[in-house]
Amino acid sequence: MSTDPAPAYPVRVEGDLTEPLSRWLWLVKWAMAIPHFIVLAFLWVAFSFVTVIAFFAILVTGRYPRGLFDFNVGVLRWTWRVGFWSYEALGTDRYPAFSLADDPDYPARLEVEHPASLSRGLVLVKWWLLAIPQYVIVAIFTGGGWTRWSGAGGDEYTAAASAG
């Protein structure tokens, strides 16, 4: 821990570049990452359900249950370790652990402070009202991508209309 007088932030993400990195390992990391991606796919499905359960728990009690919080942070932590090792950063050659727990010796670390209490009503505002601009932007990007990918962008329609 540092003794800086900097303000304490509730989320801390660190990644220490490990040098020297292998010149050839990046070629096979995609294959080595497949087991992590499979497990993380299931964990992210569980993360979604746990997040919804946490929403209602915060709404009713005003607290984020410690077990749910630790699970969600563990999924984020594992995802960060795999991303730092694989193609998101290629920051280390050290294979990440299959664990939700913090590994202080691993070069990529993520820590989130557990909130002591949360506002019951603010959970509705934060999760829905403040997220609307982001939902609109995501809908624009994914909607545009869908029309291009599916061929619904109008090119076929224009060609068919002019031929008929």
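Position 1 is the first residue of the sequence, and the numbers go up from there. From a predicted model like this one, the values you see are computed outputs, not experimental measurements.
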Participant: So, the side chain of Y64 versus the backbone of P115: is there a donor-acceptor pair under 3.5 Å, distance only?
Facilitator: no

Participant: Evaluate the criterion salt bridge (Lys or Arg N to Asp or Glu O under 4.0 Å) for residue pair E111 and R109; output intermediate values, then yes/no.
Facilitator: CA-CA 7 Å; E111 294 179 24; R109 290 170 305 283; 5.7 Å; no

Participant: Under 4.5 Å between side-chain heavy atoms, counting indirect links through other Ile/Leu/Val/Met/Phe/Trp/Tyr residues: same cluster for I132 and I140 or not?
Facilitator: yes

Participant: Looking at side-chain heavy atoms only, is the closest gap between P107 and F84 below 4.5 Å?
Facilitator: yes

Participant: Keeping the roles fixed (side chain from Y106, backbone from A97), state whether a donor-acceptor pair exists under 3.5 Å.
Facilitator: no

Participant: About how many Å separate CG of L90 and OG1 of T18, when rounded to the nearest 0.5 Å?
Facilitator: 11.5 Å

Participant: List in chain and number order the residues that pass salt bridge (charged side-chain N to carboxylate O under 4.0 Å, His left out) with E113, two or more places apart in sequence or in another chain; answer none if no residue qualifies.
Facilitator: none

Participant: Please set out all donor-acceptor pairs under 3.5 angstrom arising from side-chain atoms of residues 48-59, sequence neighbours excluded.
Facilitator:
{"unit_1": "S48", "atom_1": "OG", "unit_2": "W44", "atom_2": "O", "d": "3.0"}
{"unit_1": "T51", "atom_1": "OG1", "unit_2": "F47", "atom_2": "O", "d": "2.7"}
{"unit_1": "T51", "atom_1": "OG1", "unit_2": "N72", "atom_2": "ND2", "d": "3.4"}

Participant: Does any N or O in the side chain of Y95 come within less than 3.5 Å of the main-chain N or O of W85, such that one atom is a donor and the other an acceptor?
Facilitator: no

Participant: Taking everything shown except Y135 itself, do over 12 heavy atoms lie less than 6.0 Å from its OH?
Facilitator: yes

Participant: If you round to the nearest 0.5 Å, how far is OG of S99 from CH2 of W78?
Facilitator: 7.5 Å

Participant: Take the angle between the ring planes of H36 and F98 and call it parallel below 30°, perpendicular above 60°, tilted in between.
Facilitator: parallel

Participant: Give the C-alpha distance, both sets of side-chain angles, the deciding distance and a yes or no for side chain to side chain contact (heavy atoms under 4.5 Å, CB included) between E14 and L110.
Facilitator: CA-CA 6 Å; E14 296 177 357; L110 180 131; over 6 Å; no

Participant: According to a hydrophobic-cluster definition based on side-chain heavy atoms being under 4.5 Å apart (Ile, Leu, Val, Met, Phe, Trp, Tyr only), do V136 and V125 belong together?
Facilitator: yes

Participant: Do the side chains of D93 and K29 get close enough for a salt bridge, i.e. N-O under 4.0 angstrom?
Facilitator: yes

Participant: Taking the side chain as every heavy atom from C-beta outward, state whether F69 and V112 have any atom pair closer than 4.5 Å.
Facilitator: yes

Participant: Pick out which of L76, V73, D70, L43 makes a side chain to side chain contact (heavy atoms under 4.5 Å, CB included) with L100.
Facilitator: L43

Participant: Heavy atoms only: give me the nearest P35-A31 pair and the separation to one decimal.
Facilitator: CD-O, 3.9 Å

Participant: Drop me the distance from L27's CG to W24's CH2, to the nearest 0.5 angstrom.
Facilitator: 8.5 Å

Participant: Do you know the tightest heavy-atom contact between A101 and R81?
Facilitator: O-NH1, 2.9 Å

Participant: List the steps and the verdict of side chain to side chain contact (heavy atoms under 4.5 Å, CB included) for L17 and T92.
Facilitator: CA-CA 6 Å; L17 181 63; T92 185; over 6 Å; no

Participant: Taking the side chain as every heavy atom from C-beta outward, state whether R63 and L118 have any atom pair closer than 4.5 Å.
Facilitator: no

Participant: Hey, quick one: are F37 and V45 part of the same hydrophobic cluster, counting side-chain heavy atoms closer than 4.5 Å, chains of contacts allowed?
Facilitator: no

Participant: For R94, which of D105, D103, D16 qualifies under salt bridge (Lys or Arg N to Asp or Glu O under 4.0 Å)?
Facilitator: D103

Participant: Could you check if a side-chain atom of L21 sits within less than 4.5 angstrom of a side-chain atom of W26, using non-hydrogen atoms only?
Facilitator: no

